Amino acid sequence: MTTATATAPPCVAHLVSHSTARLQHSRAALLLHLNAAFRTKKTTKNNLSSRNTSSTIAAALPFELSPPPIDHDFLDSVTAEGAKVSEEGIIETFENDDEALDAFDNGVVVMDLSHFGRIRASGDDRIQFLHNQTTANFECLSEGQGCETVFVTPTARTIDIAYAWIMKKAVLLMVSPETCGNITEMLNKYIFFADKVEIQDITKQTCLFALSGPKSSEVMANLNLGDLVGQPYGTNRHYNVNGMPITVGVGNIISEEGFSLLTSPAAADSVWKTLLSQGAIPLGSNAWEKLRITQGRPAPGKELTNDFNVLEAGLWNSISLNKGGKADKLYNRKKGM
């Protein structure tokens, strides 16, 4: 890039031989050149800084999946297509509840679960930390695997069920909208001074879709994501869609069958329309609530209350009964039991 350079000042002897007007004109020209050079150098520095920052973010996205929050028009797009969206930004219905419920049983549906909480745990001690703070055995899991786990109170009462993905540099936890803030606060509270753990609520920085129904595997295959079909529940992998990062996992919050898709707000509208083009029927939160009940999925403040512990709530698949040893002792110590 060419940078403007300042003109050297004229010699004193030459200036003395000219009129005062000529002297003022030369000085003014000099100042203009200096200001132009300064602005050019400053602009060049800012542009380089901007490019370096963008490159760093772009390189991190496929692994971190925590892009900065940006304005996006996904909800505007679905509203324009007839969806009813609440003031909280939840898609309540597409005016097709019966059709969507039938597609869940016989075809394929796609649900926007972006209002559900997403918590990112990072740091060298993240696995042991979550192993001690929840009911699942995180220490037996590797990158690309996942599980369901349960957050409980100090008296073993159920707070919420979390859907967890083990990633290269972090663990992603998907929880109910009602509990995300409290769980984030609780986890930060239990971090010891020497613990290398960082907890972040990245709900607003990401979007989450769920794909369910007997034909969901066909959709995945058509999108060249068939390598996930038949994999264990919680298996997750990173992909790029039109240059945008997306993580796809086996299963979703409501069912072990189907898939979950985590993407940035910038890519949400494109991903959503692609799924619809593959025959997926959109399903709103009103129909989702009916599915939740028929699928036996308990929710905080409804079936999950302080009246029942984890076992009484029937959450056997989310509990590890053989963690034992130091992990349980540390778990009890942190919980004050």
Side-chain angles (χ1 to χ4, degrees), residues 63-66 116-203 205-206 208 232-238 247 249-253 256 260 262 300 304 309-311 313 315-337:
F63 302 100
E64 304 300 331
L65 284 160
S66 55
F116 274 67
R118 290 173 291 288
I119 302 170
R120 182 178 185 268
S122 59
D124 293 343
D125 297 330
R126 63 188 181 277
I127 296 297
Q128 183 183 34
F129 179 76
L130 292 175
H131 182 88
N132 296 332
Q133 296 298 332
T134 71
T135 60
N137 187 346
F138 276 87
E139 292 183 344
C140 73
L141 298 175
S142 303
E143 178 187 343
Q145 295 182 317
C147 68
E148 277 191 354
T149 190
V150 182
F151 287 98
V152 297
T153 68
T155 57
R157 303 303 178 182
T158 305
I159 298 175
D160 197 6
I161 309 169
Y163 180 45
W165 286 347
I166 312 300
M167 298 180 177
K168 183 176 183 179
K169 297 182 180 180
V171 177
L172 182 71
L173 302 164
M174 287 157 273
V175 298
S176 301
E178 303 88 345
T179 63
C180 184
N182 290 336
I183 290 176
T184 301
E185 182 179 351
M186 179 185 72
L187 290 177
N188 279 308
K189 174 183 176 182
Y190 289 135
I191 296 176
F192 284 5
F193 179 76
D195 287 342
K196 297 179 180 178
V197 179
E198 185 177 353
I199 302 297
Q200 298 172 297
D201 180 353
I202 63 168
T203 303
Q205 297 168 278
T206 52
L208 179 66
Y233 180 67
T235 300
N236 60 92
R237 293 174 185 167
H238 302 297
T247 298
V250 177
N252 52 60
I253 295 174
E256 292 189 3
S260 298
L262 181 76
L304 301 180
N309 62 36
V310 182
L311 299 180
L315 302 177
W316 291 90
N317 292 336
S318 305
I319 306 169
S320 172
L321 299 178
N322 58 0
K323 292 165 68 171
K326 292 175 63 178
D328 279 350
K329 292 180 181 178
L330 181 59
Y331 172 85
N332 292 334
R333 177 161 62 89
K334 286 188 175 184
K335 288 290 187 180
M337 297 173 63

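In this text the structure is predicted, and so the values were computed from the model without any measurement. Quick note: residue numbers are just sequence positions, from 1.
Taking the six-membered ring for Trp, Y163 and Y233 have ring centres closer than 6.0 Å.
Side chains of T206 and R118: a donor on one and an acceptor on the other come within 3.5 Å.
Partners of T179 by side-chain hydrogen bond (donor to acceptor under 3.5 Å, both in side chains), not counting sequence neighbours, listed by chain and number: D160. With sequence neighbours left out, the side-chain hydrogen bond (donor to acceptor under 3.5 Å, both in side chains) criterion links T184 to no other residue.
How far CD1 of I127 is from CD of E139: 8.5 Å, rounded to the nearest 0.5 Å. Between atom NE2 of residue H238 and atom NZ of residue K168 there is a gap of 9.0 Å, rounded to the nearest 0.5 Å. Between Q128 atom CD and D195 atom CG the span is 7.5 Å, to the nearest 0.5 Å. Annotation: the span from L141 atom CG to T149 atom OG1 amounts to 9.5 Å, rounded to 0.5 Å. We find the CG-SG distance between N137 and C147 to be 8.5 Å, quoted to the nearest 0.5 Å. Atom-to-atom distance recorded for Q133:CD and K189:NZ is 10.5 Å, nearest 0.5 angstrom.
Nearest heavy-atom pair across L187 and F129 is O-CZ, 3.3 Å. Pairing each heavy atom of R126 with each of M167, the nearest pair is NH2-O, 4.2 Å. Closest approach of S176 to F116, counting heavy atoms only: CA-CD2, 3.9 Å. Considering all non-hydrogen atoms of both residues, K169 and S122 come closest at O-CB, 3.7 Å. The two residues D201 and C180 have their closest heavy-atom pair at OD2-SG, 3.6 Å. Contact record, F138 with H131: N-ND1, 3.2 Å, taken as the closest heavy-atom pair.
Side-chain atoms of T135 come within 3.5 Å of backbone N or O of V150 as a donor-acceptor pair. In this structure, the side chain of N236 does not engage the main chain of V250 through any donor-acceptor pair within 3.5 Å.
At most 12 non-hydrogen atoms from other residues, nucleotides or ligands lie less than 6.0 angstrom from CG of N317.
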